[in-house]
Number of protein chains: 2
Amino acid sequence: MSSTIYDIAKKANVGIGTVSRVLNKHASVSKKTRKRVLQVISRLNYKPHPYAIGLARQRTNSILFTIPFFATFFFLEILRGIQKRLSDLDVSIILLGINHPDQIAETLRHNIHRHRVDGIVLCSMKIPDQLASNKLFKKIPMVLVDTYHKEFDSIAVNNVQGGYTATKHLLDLGHTKIAMLNANLRSVPAKDRFKGYQMAMIDAHKSLNEQLIQKTKSEYLDGFTRESGYEMMKELLKYGSERPTAVFAASDIQAYGALAAIAEMGLRCPKDIALIGFDDLELSGPLGLTSMLQPMSEMGTLTIDRLLERMNNHDLPLYHKTFEPTLIVRRTTLPLGKIIKSV
Amino acid sequence: MSSTIYDIAKKANVGIGTVSRVLNKHASVSKKTRKRVLQVISRLNYKPHPYAIGLARQRTNSILFTIPFFATFFFLEILRGIQKRLSDLDVSIILLGINHPDQIAETLRHNIHRHRVDGIVLCSMKIPDQLASNKLFKKIPMVLVDTYHKEFDSIAVNNVQGGYTATKHLLDLGHTKIAMLNANLRSVPAKDRFKGYQMAMIDAHKSLNEQLIQKTKSEYLDGFTRESGYEMMKELLKYGSERPTAVFAASDIQAYGALAAIAEMGLRCPKDIALIGFDDLELSGPLGLTSMLQPMSEMGTLTIDRLLERMNNHDLPLYHKTFEPTLIVRRTTLPLGKIIKSV
DNA sequence: TTTTTATTTGGAAGCGCTTCCAAATAATCC
DNA sequence: GGATTATTTGGAAGCGCTTCCAAATAAAAA
């Protein structure tokens, strides 16, 4: 049906080797023949068969994009950055959601063999040392995103700093009873943001009140869900007059749930409770939620650049890049007195 | 590096044909040899090379998932349904965003050749007759989602009915000055929802006030954006006391923008203005937005089922399925007097 | 037992490319 | 001019599978 390299060779009166050389921009083809071949190629609207290339070159031109569970906004943004970079390169992405952290090594191994990927992007999951020492993972190029291990390239956000900045922002507004709505601590970002919260509180000589530190009960998505935020906020509001005056949510999506819980009790942000999230999702603007911005799309493109470099040269020195999140102040943490009308 | 079918054949003392037959569950292999081969396969942790299979079978096991522009929530939900169905089948999805409707035919043609996909899913775009009559598209299995053309299989939502139901809901609440915030009419769903609006108004013997019918000025995403909804709502609010008492937005995302515009003017939903959206996105619950629910994930799985069937048998009769959207009533259209506290 | 028929098996050819080596051609030097 | 070297070219072999046909084996019939 489609034309092949043989058709091109015949029509252009050259050998298949020459056609291949033209396609791959090898130097040793005379200008004249190159032009002739290119003409035939465009006349027949010829496109090389990606699988044949993959088979012959012993590469699949595909990478494994691995995330915990399935699509949340954060990963979609990263993915968008990755796709932007990859669309020119004929590299395809195989999406892999990992259900349980214990299965990382086994699931990865299985999919590496099954899809014969050339490289791996691994998001937000703690890397067990046992995995790092496995020879299979020494051989295949891998870049970590939003997590860290000393033996692999990594692109991350400084979540500790972000947690610190967020908490500091609340402290600066004069709050002292500051609660945190956290996610499951097996999630690296959750743990780090919590660490930042603790550090900021300690630096400000505030006591860490266990009552104000909410832990998610949900397994699903590591607790990075609206429902989880809603539940935890409900808990905090049960304290009545003892309730916190400010809340740091480990993610915007949880903050959305918290907003709903607050509104349901007839309370207002920031008059009754100040609220800050993390991620700066698209809807945080319209909702007026203060948040910590992460350059997710940029992280995605950088990830691919790095992975491609490593695929080309396996012996590159390790690379670790950390982005600093930026505080975006909106209605939910306006200083009292400056409050504008809310939705 | 990885083992091949030859390695398996040698270790199991059979020919490569037999190994292939075992892998593909062909009948004519004796139980004894089958067992022996399977043992070797699992001992060597052998996985067939997907590209070699694709090359030999003359299929790529991939489909093209085509959407206008890039990822909005609606497509993500459809995609989720599709992935659920496809994960078992070793079929991969190539995502393709089309920037301008005029380019559909050309972009599709280019990508069909380039990726050699086995099938196509095409979302929400009007199919030019010129495309339908093209022989390339007669040959390759294709399923339309959220749009219709008599010569292709299609899975759609009854947007006319949805628009009608939404408008009727507002009419039943006693509103007479009902505005519509629309998207670009080249979008099939936008046009149909508008048609439903018109029909409901006419059936209720209400006049169609041109002033109350807002058309998007935005090209981006066909105007299915928060910004567009915000702008259009602003326009409506300029009418002062002449402003509508109820608004039907062509999508939830536009309704979110409208909500912001309403709040900004110090008005409240539903006290001052009742509002209904379309899509029932995840955040419409927490925001209390009344909306029309579409079974998107279900549409996705059905789409794939249908596409696979057609890939297996090209001569199947045409199939058209229409889902009815469901009205989900929330705060923004509560009858006056029943209003609960808002965010 | 021998023939006939049904079941199982082996492996060559082919899918569309890349890559390598040897051969053909062109350019340079004496 | 011929000898030498550099550039360009053709195409066989191989990537890991499927598929088909012919051959081997087993089962059934005579």
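In the text below, chain A, chain B and the rest are named by the order of the sequence lines, each starting its count at 1.
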For a quick check, with a 4.0 angstrom heavy-atom cut-off, what is the B/S/- contact string for nucleotides 6-15 of chain C, read 5' to 3'? --SBBBB-BB
A/Ser30: side-chain hydrogen bond (donor to acceptor under 3.5 Å, both in side chains) partners, not counting sequence neighbours: A/Thr33
Under 3.5 Å, which N/O atoms of the protein pair with N/O atoms of nucleotides 22-25 of chain D?
none

Output the rounded distance in Å from NE2 (B/His49) to C1' (D/dC17). 10 Å
Residues in side-chain hydrogen bond (donor to acceptor under 3.5 Å, both in side chains) contact with B/Asn24, at least two apart in sequence or another chain: B/Ser20, B/Arg57
What integer distance in Å separates A/Tyr51:OH from D/dC17:C1'? 13 Å
Please confirm whether the backbone N or O of B/Ile63 pairs with a side-chain atom of B/Asp118, one donor and one acceptor, at under 3.5 Å? no
Tell me, please, which residues at least two apart from A/His115 pass side-chain hydrogen bond (donor to acceptor under 3.5 Å, both in side chains). none
What's the spacing between A/Ile304 CD1 and A/Ile82 CD1 if we round to 0.5 Å? 4.5 Å
Nearest whole angstrom, please: distance from the P of C/dT19 to the CD1 of A/Ile53. 10 Å
What pairs meet the side-chain hydrogen bond (donor to acceptor under 3.5 Å, both in side chains) rule with one or both residues in residues 44-54 of chain B, with sequence neighbours excluded? A/His110-B/Lys47, A/His113-B/Asn45
What pairs meet the side-chain hydrogen bond (donor to acceptor under 3.5 Å, both in side chains) rule with one or both residues in residues 4-16 of chain A, with sequence neighbours excluded? none
If the condition is salt bridge (Lys or Arg N to Asp or Glu O under 4.0 Å), which residues does A/Asp153 pass it with, not counting sequence neighbours? A/Arg306, A/Arg310
For atom CG of B/Leu23 and atom C1' of D/dG16, their distance in whole Å: 12 Å
Side chains of B/Asn111 and B/Ile120, heavy atoms from C-beta outward: is any pair under 4.5 Å? no
A/Lys32 atom NZ is separated from C/dA26 atom C1', nearest whole Å, by 11 Å
Tell me the bend of the helix from C/dT1-D/dA30 to C/dC30-D/dG1 as the angle between end helix axes, each from five pairs, rounded to the nearest 10 degrees. 50°
By a strict heavy-atom criterion of less than 4.0 Å, which residues belonging to residues 40-48 of chain B are in contact with DNA chain D? B/Tyr46, B/Lys47, B/Pro48
Could you tell me how far apart A/His113 (NE2) and D/dG16 (P) are, to the nearest whole angstrom? 14 Å
Please enumerate all residues that pass side-chain contact (heavy atoms from CB on, under 4.5 Å) together with A/Thr301, with sequence neighbours excluded. A/Lys84, A/Arg85
I would like to know whether B/Val14 and B/Val19 meet side chain to side chain contact (heavy atoms under 4.5 Å, CB included); could you show each step before the answer? CA-CA 7 Å; B/Val14 295; B/Val19 176; 3.8 Å; yes
Here the gap from A/His320 atom NE2 to A/Thr322 atom OG1, rounded to the nearest 0.5 Å, amounts to 9.0 Å
Enumerate the residue pairs fulfilling salt bridge (Lys or Arg N to Asp or Glu O under 4.0 Å) with a member in residues 29-45 of chain B, sequence neighbours excluded, ordered by first and then second residue. none
